[in-house]
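This report concerns only the one structure given below.
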There are 2 protein chains.
Amino acid sequence: MKKSAVRERILKVASRLFYEQGYNLTGINQIIEEADIARASLYNHFDSKTDLLLAYLKEAEDVWYKEMEEFTANFFDPKHKLLALFDFRMERQNKRGFGGCQFIKISAEVSRQDLVVFDAVSHQKSRLKFFIDSIVGNLPQNNQVLSHTMLSDALFFLLEGATVSGSIYKNQESMLAAKAIAEKLLQDSFPQPAIKI
Amino acid sequence: MKKSAVRERILKVASRLFYEQGYNLTGINQIIEEADIARASLYNHFDSKTDLLLAYLKEAEDVWYKEMEEFTANFFDPKHKLLALFDFRMERQNKRGFGGCQFIKISAEVSRQDLVVFDAVSHQKSRLKFFIDSIVGNLPQNNQVLSHTMLSDALFFLLEGATVSGSIYKNQESMLAAKAIAEKLLQDSFPQPAIKI
DNA sequence: TATTATATAGACAAGTCTATCTGTTTTTAA
DNA sequence: TTAAAAACAGATAGACTTGTCTATATAATA
């Protein structure tokens, strides 16, 4: 079940262009030109531009999740594993010139009625949220300021908010600030004071 | 200095279409059709489609900020004023079918090199951030879990993250969760225990 | 009332877009 | 070596894009 090299080249070029200049601003002509393949080859591997978009989203999710798991696998302590998520996204955004989240970007480019695309996007987000939930579940029971449910939500929103903010200001300050907040939220609070009355 | 009614009609229709179906998926033809004006009239009031986009962003920022200030003006206590921000955005997103933030959406649709557009977007975000900063400054000095600087960042990221998340899942649960977190963060913590040693 | 500004309709240019099709060449596999 | 599969180049359809232009009609103003 070896995958076609042509197909992979198309997908690679399309992924880069969709991310860097937007889906709607990327034409089929540019893709076949930069991938250096025949027009018919593209339509042989993908039914339509929409089909190519869906393949891009699927591929992007697989790669994103795999890389994220690899990155955070170095950390065993739940607290540091969660904090590593901020480093992961910061590093990624640094590499990609602060273009923002691939999935959020696409969801902003397609029609609201495009349920298939929104499904693909929300699928990726739910997967990240589920990952966070599971790590938070391994934290010591409610030693934090927030309940586990709220902490999980908070970390998710901080990651998303900082990614978007960073993509607007084109810098990593947002993510650094978000990580600092997360660190505070993950701190043990209200330690029983070792005071004898 | 009365503004042209035609200009306003163009801007109103363009605003709706840009938001609901995206900037790139909205053609000049559809705008003049739905605004029921002549093509030449559009190009008399706006130099180009890009010019119309910039006018849209400016108008959107003015309206957004005005409505936000009106909404939160009912609250004097800084804590409740800050929490009202979450209600404001939730109400707005409810009305607009959870289409997400107007400014983030546009930033995802234009080329990265489009600095004029990115300036307009970051201007609106900075204005919101500044507003939050000023209210947080009125809170009792560091009675919260987070320092004022971090609290301000946290509230901003929670708002942005929850807006984006809500626009993907098309529901208000994200904003409700974000508000609940904000409530916790705004709570006075570490009250000096009335315990005598 | 005469003049100027603003609106109208609609043709048109010049280009882009996605997708299909024909026919040829190269690669793969039996 | 031969047959099938997959790549190629490139023309073409047909619809759509932004922006310009001409010419006419309406509305505001002096």
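All chains are named by letter (A, B, ...) in the order of the sequence lines, taking the proteins before the strands, and each is independently numbered beginning at 1. These values consider heavy atoms only, across backbone and side chains, with no hydrogens, waters or symmetry-generated copies.
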Of the nucleotides dT18(D), dA7(D), dT20(C), which one has an atom closest to the side chain of Tyr43(B)? dT18(D)
Look at the side chain of Asn44(B) and decide which nucleotide, out of dT18(D), dA7(D), dA7(C), has an atom nearest to it. dA7(C)
For Asp36(A), report the nucleic acid contact type (base, sugar-phosphate, nothing); a contact means any heavy atom under 4.0 Å. sugar-phosphate
Within the structure shown, what part of the strands sits under 4.0 Å from Thr26(B) by heavy-atom distance: base, sugar-phosphate, or nothing? sugar-phosphate
Closer than 4.0 Å, any side-chain N/O of Asn29(B) to the OP1 or OP2 of dC16(D)? no
Can a donor-acceptor pair under 3.5 Å be found between the side-chain atoms of Arg39(A) and the base atoms of dA19(C)? yes
With the side chain defined as heavy atoms from C-beta on, Ile37(A) is closest, among dA19(C), dC8(D), dA9(C), to dC8(D)
Asn24(B) CG to dC17(C) P, in whole Å, measures 12 Å
Between CG of Leu25(A) and C1' of dT18(D) the distance, given in whole Å, is 14 Å
Shortest non-hydrogen separation from Ala178(A) to Phe157(B) and the atoms involved: N-CE1, 3.8 Å
Is the ring pair Tyr23(A)/Phe18(A) parallel, tilted or perpendicular, if the boundaries are 30 and 60 degrees? perpendicular
Lys105(A) to Tyr19(A), cation-pi by 6.0 Å centre distance and 45° axis angle: yes
In terms of the nearest nucleotide of DNA chain C, which residue is placed more toward the 5' end: Asp47(A) or Arg7(B)? Arg7(B)
Between CD on residue Glu109(B) and CG on residue Asn24(A), distance to nearest 0.5 Å: 6.5 Å
Ile28(A) CD1 to dT12(D) P, straight-line distance once rounded to whole Å: 21 Å
Among dA7(D), dA7(C), dT18(D), the one nearest Ser4(A) by side-chain distance: dA7(D)
Of all the choices, dA7(C), dC8(D), dT18(C), which nucleotide is nearest to the side chain of Arg9(A) once you look at every atom? dC8(D)
